[in-house]
Amino acid sequence: MLRYFLTKLATLVVLLFLVSLTVFTVLFVLPGDPAQIILGIHATPESLARLRADLGLDRPFFAQYADWVGNLVQGRSALSIHYKMPVFELVASRLAVTGPLALLAMVFAVVFALPLGIYAARHQNRPQDLAVMTFTQLGLATPEFWLGILLVLFFSVELNWFAAGGFPGWQADAWGSLKALLLPAFALGIIRAAILARLTRSSMLDVLREDYIRTARAKGLRERTVIYVHALRNALIPVLTILGLQLGQLLAGAIIIENVFFLPGLGRLVFTAIGMRDLPVVRDVVLLMAAAVVFVNFLVDIAYAAVDPRIELH
Amino acid sequence: MTDEALLSIENLRVRFRTPEGTGTAVDGVDLAIAAGETLGVVGESGCGKSVTALAVLGLLAAPPAEIEADAVRFAGRDLLGLSAEERRRIRGREIAMIFQEPMTSLNPLLPIGRQVAEPLRVHLELSAAEARDLAATWLEKVKIPDARRRLGDFPHQLSGGMRQRVMIAMAMVCRPRLLIADEPTTALDVTIQAQILSLMRELKEETGTALLLITHNLGVVAQTASRVVVMYAGQIVEEAPVARLFEEPFHPYTRGLLRSIPVLGGRTGLEAGRLAEIPGLVPAITERLAGCRFAGRCPHAFALCRENAPPLFAIGPAHHARCWLQVHPERRRRDD
């Protein structure tokens, strides 16, 4: 178990190194000079050169990369060119929106997907199954932003239950902030629930055909025990993989939904920062997004080991 | 069917309705097993042995299965007339079953102790501690070494033979009156097969449970059963006490099965010179057959066999066979 954990941890570190190198290289070769953007098109060549030197942009590739990683590791934040504040502070404030949004979305996704998937599997090829499959097909075909807009029209404009967008901030209004996340999280969650429900269904169907399910029934166990104790745990293993991928993806920011609901999240931050050639922000945020995906997958690997006793042998 | 039978099946028919058509897997099977008796059911794959057992337990999904019978009586109760819940209470408590594949028949994610204890919890409503203790006792009975310390082991940590022992313990914990064993040794090494069979005989002696032993292996039946039923294409083709079946097999299919048992020194059950095989395959269940179902593979078949299905004829004491050779013995070819 410990060896499994350590192996996965080592993989995590190597992956993060490769990701940081890739991010840095891509941004290094990307056209667009931050100094030019800061000083404007009428800046003199001398002032441009001075600013490049100040920003360290005239130094060789590996020196710049070493500076960046060195600062990150020591916890020293660079300054955002556009926002004129430390990148870490900026990212932390945006993460306070995106993090809860992603988690809440996944809660919605799981709460809808698992019961629907199990229900459909238990009624395979009957009208109940068909209803779930139709409903989830609809979910798969629905664009997020459109669902978001519909939700705003109905719950905000028509019923006036929620604000139509914006985010008051956790310190200022915790309850209001949570409410501001509910509709966007629901829009994100429902669409992910469609995929998860289908996956849960097919995974349950596979497991229900297994010999050990026949054994469980031959023992005279209650159907509830057969489904929730013997089948579901086995069926959840593939579901867990997709769940992890979805969570990682959501942590990387839901740019479109954040725009529909005017949420100051990571997605909008990186979108703005790219437009502004705010390199310190872009590279830190992109690295963070990649790290989130890698880290969630690491957590999924750990969860596998917790669910499946066979893992420690491999 | 006698009154004292523990399980009696009369005219059991099981059909499967599939998009390709309706297939009859079991077609008019009569079986009776007395308390404490060991009955062997023999036949090739696909002849309806397992389906019969699963139908008795109520483990066939309907649809696609359609189950009909004049009666399926167990200890005085009509099984087909019971509700699903009533049948569940019988499964694992009064009728238990073990399966062919020990590698896949245990849940990979649950400790074996818990899996063995489950029937005790659900049927006898024992506390977790009591059930665990009794599960350990049963794991000792099936000769799992160091059983008490292995309650927390998972199936992947055990060999095939050990897993089958766990399956047997799990089936026997509630001391069922009938144990159905579906090819319990087929997936195991030959040396392990003998151990498992002798273990089953031992436990049967101890608990007095009746045993319905399903196998394609007549050798297994010879060692274990007192009476044998031979099935072919969903029907019983021969039924006899075990000694008689081996000494005087009547049906050409039974004779074929006996000739295909390899015996050390090259001699077979019929003292024939070489190991024989039965040509052809069991007909698919969707194939409708006029006449005797074995006619296509039978060396003695004549016109009558292809036109009319033979009934089950009495051959001798407690010996029946579904074969026209009973009334036309002159048709039996001499070399058989």
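Just so we're on the same page: letters track the sequence lines, and every chain starts at 1.
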**Message:** Once rounded to the nearest 0.5 Å, what's the spacing between atom CD of A:E210 and atom CG of B:L106?
**Reply:** 12.0 Å
**Request:** Compare every heavy atom of B:P108 with every heavy atom of A:P309, then report the nearest pair and how far apart it is.
**Result:** CG-O, 3.4 Å
**More than 12 heavy atoms from other groups under 6.0 Å of CZ on A:F135** = no
**CZ (B:R77) with more than 12 external heavy atoms under 6.0 Å** = yes
**Request:** Taking atom CZ of A:F295 as the centre, report whether more than 12 heavy atoms of other residues, nucleotides or ligands fall under 6.0 Å from it.
**Result:** no
**Message:** Is it the case that the side chain of B:R88 and the backbone of A:G220 share a donor-acceptor pair, with hydrogens and angles ignored and the cut-off at 3.5 Å?
**Reply:** yes
**Request:** Select one option (side chain, backbone, both, neither) describing which atoms of A:I213 are under 4.5 Å from chain B's heavy atoms.
**Result:** neither
**Message:** Is B:E85 close to chain A through its backbone or its side chain, or both, or neither, when contacts mean heavy atoms under 4.5 Å?
**Reply:** neither
**Item:** Side chain proximity check, A:R214 to B:L54, heavy atoms < 4.5 angstrom
**Value:** yes
**Prompt:** Quick one: does B:Q100's side chain get under 4.5 Å of A:D211's, heavy atoms only?
**Reply:** no
**Prompt:** Picking from B:E118, B:E101, B:M167, what satisfies side chain to side chain contact (heavy atoms under 4.5 Å, CB included) with A:T215?
**Reply:** B:M167
**Message:** On a heavy-atom basis, which atom in A:A218 and which in B:M97 lie closest, and how many Å separate them?
**Reply:** CB-CB, 4.5 Å
**Complete:** d(A:L221 CG, B:Q115 CD) to nearest 0.5 Å is 9.5 Å
**Prompt:** Would A:H230 and B:L109 satisfy side-chain contact (heavy atoms from CB on, under 4.5 Å), going step by step from the backbone distance to the final call?
**Reply:** CA-CA 8 Å; A:H230 284 264; B:L109 303 190; over 6 Å; no
**Request:** Please round to the nearest 0.5 Å and tell me the distance separating atom CE of B:M170 and atom NZ of A:K219.
**Result:** 4.5 Å
**Prompt:** Is B:R114 close to A:V229 at the side-chain level, that is, under 4.5 Å between some pair of heavy atoms?
**Reply:** yes
**B:L110 side chain near A:R233 side chain, heavy-atom distance below 4.5 Å** = yes
**Asked** Do other residues, nucleotides or ligands put more than 12 heavy atoms under 6.0 Å from the CD1 atom of A:I256?
**Response** no
**Segment of B:M103 engaging chain A (4.5 angstrom heavy-atom cut-off)** = neither
